[in-house]
Each structure stands twice: as structure tokens, then as C-alpha cells.
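Report on the structure given below.
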Amino acid sequence: MKKIIFFIFIIAIIASATRASAQKFQGLALTPPMGWNSWNTFACNVDEVLIREAADAIVASGMKESGYQYVVLDDCWEAMARDNAGNLVADLNKFPSGMKVLGDYIHSKGLKFGIHNCAGTKTCAGYPGGRGHEFQDALLYASWGVDFLKYDWCSHGTANSEETYKTMRDALHTAGRPIVFSICEWGDTKPWEWGKDVGHLWRITGDITDCFDCEVNHGSWSSWGIIKTIELRKGIRQYSGPDHWNDPDMMEIGRGMSQSEDRAHFSMWAMLAAPLIAGNDVRSMKKEIADILTNKDVIAIDQDSLGVQALKYTDNENGVEVWVKPLKNDDWAVCFLNKSEQKQKIDFDWSKHYIADDVSNKILDTKGIQFGIRDLWSKKNLGDTKKRLTAEVASHDVLMVRLIKQ
Ligand code: GLA
């Protein structure tokens, strides 16, 4: 009898330990994560000098003060093979000081350390992936002081995505260091349907590219410009929220689009409550670019604690779309996005619009509540919602306002 009780006791302990690790770290991304990632500009040309300089620039440019936190080293940091004990190793030509030292440097700047790997056997650039090594890798990342893991989906073979990402989630949790878990399977297996308990953000599209509205065909997949990235996934805004975000990919601001296109891109990422991960060379960016990336009023829309992704209210009148995002304290953000090739006139009579959002259960009805209107780019007050809003919006630009409850 004693033996049976002992046996049941052991099983109960194992079961509770398994339960304890079968969860993600809670509360690490109550607002969309903000940071910088090496991939869009540098691809495989990464080394420790670059990452340290990027961290320095994030501080010097005011990005850190505006909320950017994670310095994410994407693909190509590894040596081509694991060591004899099966551990991942950094490429010592690129990272001679090693990853722990790099993490320490990033932390010494008051920033957080992000790294990339892949749920498949190889990363997309052909370096060792995590498959079959999840628990070992998670311990290594924890020992390096990693705070954010972007986990890709190349070379996954016949693996089931949900199960594979859950394995890594459990590994991270077991290793014990709180790490934001960024699922990067491009929306292939609808991560919004299963990702909430697995990661803190999930990519919803393939790789973005630096054009306003184009598609670059790579054969089996396409990369998308800003507008196509926004348009590709419809009907998934209800899946995004505090600690579990739809991720339309890293930003292309400061990488060749016009200033108005960059502004429109940033505005829309904020409306979508997207993770704000810059992808430009922050070391050499012009002031106009830093000004866009650090617009605190726009960032406040992205980081609003209600965490509701905007809804598209009107579609394409003369190429202009109206997007609305409910905010805490009954404020709203409204973004007039001019996708057309010409400037367009806006003439918006608030009293004629009653907007009911069935995701947040918020209603924008200016007959009930009056709002002051603040232009988040010109920083001017534009009166209130008692009178119609008239303005001109340049091609590929936005008028983005905050309605402030009075
Ligand atoms: C995939 C991801 C990109 C980047 C590359 C690295 O394509 O979607 O964001 O991480 O892999 O190889």
C-alpha cells in the first residue's frame, strides 16, 4: 500500500511539474513589443560591432526613451554546426566576445537582448535550427541573458506548427528566464487561432519589403509592401490583444520609401497595434526618420493599454480609407489613409457616423460624447467633433488624429 501511495505521489509531482511548464511567461508583452531587428537592412552581414553600435544608436537617437527596448539579432549569428555536446555556438569570427558578453552590453544600455532561431532543422539562411534541441537551447539562451526569441519556420518538414512551437514555449518556461516568444511562421497555419497561449506575438504574413504597395514574387512565396501587408489578412483583429499580438512584420521605415510613405507606414502599424520593430540602419538615420520612429503621440496609439487592433471603417473612397481604433478612457484614434496617387480632400462629418466595434464593444457616437481633435503629426488641435473635419491628405500619406473625450 505504501508503495502505491508513493507511486501516486510521484505521478502527481510529475504531472504538476509538467503543468507548471506548459505555459508561456505571462505578462511580458501587455503592449506590443518595441525594438529593432538586424534582418531588414543587414540580413547575414551581422557581427558584434554592428549590434553594439545599433544599441548605442537606439539610446542616442531617443528611440530608447520613446519605448524601443529589444535589440534583436536575426539569422546568421551561428557557426554552421553545433558543438560535440549539441550546443549551438556563435560564429566566433563575427562574435569573438560571445553572446553572453553581447547580452551584457545590451543590458548595460538599459535595453533587452533578442535572438533568432528556427523551429525547423535549419534556419532560413541554413544555420542549425532548434528542432529536437529545444530544452538544451532554451537553457543556453537563458544563460546568455536573452530576453526575446524570434522563432522561424524554415526546414520544418512535416512538423505540426502548434505542437512544435509549444515545445519551445515549454522549454523556455522550464529554463526559467522570462523570454518574449515571437512566433514566425508567416501566418501559414493560422497562428492567431492557436498562438495566444503559446507566444506573445505571431507573424501573420511573409516577409515585408520596402515599397508602399508592391509584391515581390520569390517563386513559392512573395514579399509584400506596406499596403498589401495590411490588406492580406482580413478578419483576424479579434485575435490580437495584450500579451498576444498579430505581427505584420518589422518596419521598413528609413529604408527608401518617401517620407509620407514612412509616416503612413508608422501610423498604420500603430493603428494595428503591431509590434514596433524598426528595421533600418539606426546608426546613420536622418533626423526626419528618427522623428517618425519617435513620434510619441503615434507610439501612444500603438501602446494603448486597451490593446485593440483598429478596424477599417470605410473602404477606398477615392483611394482613402478610414481606420478607427478604440483607446482607453473612451478616446479614439482615427487614421485617414490616402492610398491613391493623388492628394485627396477629406470632409468628414462626425455627426453622420455611428461606429460600433463588435470586438471591443466600444461605440464612437459623437452625438453622445464630444471629442477634441488632435493631429498627431502636425501636433495641432483641429477643433472638435461638433464641426466637420476638412483637410487635404497628400498621396501615400495619412491624416492621423486622436479624438480626446471632453
Ligand atoms: C524568415 C523570416 C525573416 C528573417 C529570415 C532570416 O524569412 O520571416 O523575418 O528572420 O527568415 O533568415
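All ligand and atom numbering here is 1-based and tracks the order in the structure. Small disclaimer: the values here were computed from a predicted structure and weren't measured. As a basis for the values below, the full set of heavy atoms in this structure was taken, side chains included, without hydrogen atoms, waters or symmetry mates.
- Two residues are said to be in side-chain contact when any heavy atoms from C-beta on lie closer than 4.5 Å; I204 and W245 fail this criterion.
- Looking at residues two or more places apart in sequence or on another chain, you find no salt bridge (Lys or Arg N to Asp or Glu O under 4.0 Å) involving E215.
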Inventory of protein N or O atoms under 3.5 Å from ligand 1 N or O:
residue	atom	partner	partner atom	Å
ligand 1	7 (O)	D207	OD1	3.4
ligand 1	7 (O)	D207	OD2	2.7
ligand 1	8 (O)	W186	NE1	2.9
ligand 1	8 (O)	R203	NH1	3.3
ligand 1	8 (O)	R203	NH2	3.3
ligand 1	8 (O)	D207	OD1	2.5
ligand 1	9 (O)	K150	NZ	2.7
ligand 1	9 (O)	R203	NH1	3.2
ligand 1	10 (O)	D74	OD1	2.7
ligand 1	10 (O)	D74	OD2	3.3
ligand 1	10 (O)	K150	NZ	3.0
ligand 1	10 (O)	D152	OD2	3.2
ligand 1	11 (O)	D152	OD2	2.8
ligand 1	12 (O)	D75	OD2	2.7

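- On the SG-SG cut-off of under 2.5 Å, C154 and C118 do not qualify.
- Residues satisfying the side-chain hydrogen bond (donor to acceptor under 3.5 Å, both in side chains) criterion with T390, sequence neighbours excluded, are absent altogether.
- The side-chain hydrogen bond (donor to acceptor under 3.5 Å, both in side chains) test applied to K296 returns E65, not counting sequence neighbours.
- The aromatic rings of Y165 and W153 are tilted relative to each other, their planes meeting at an angle between 30° and 60°.
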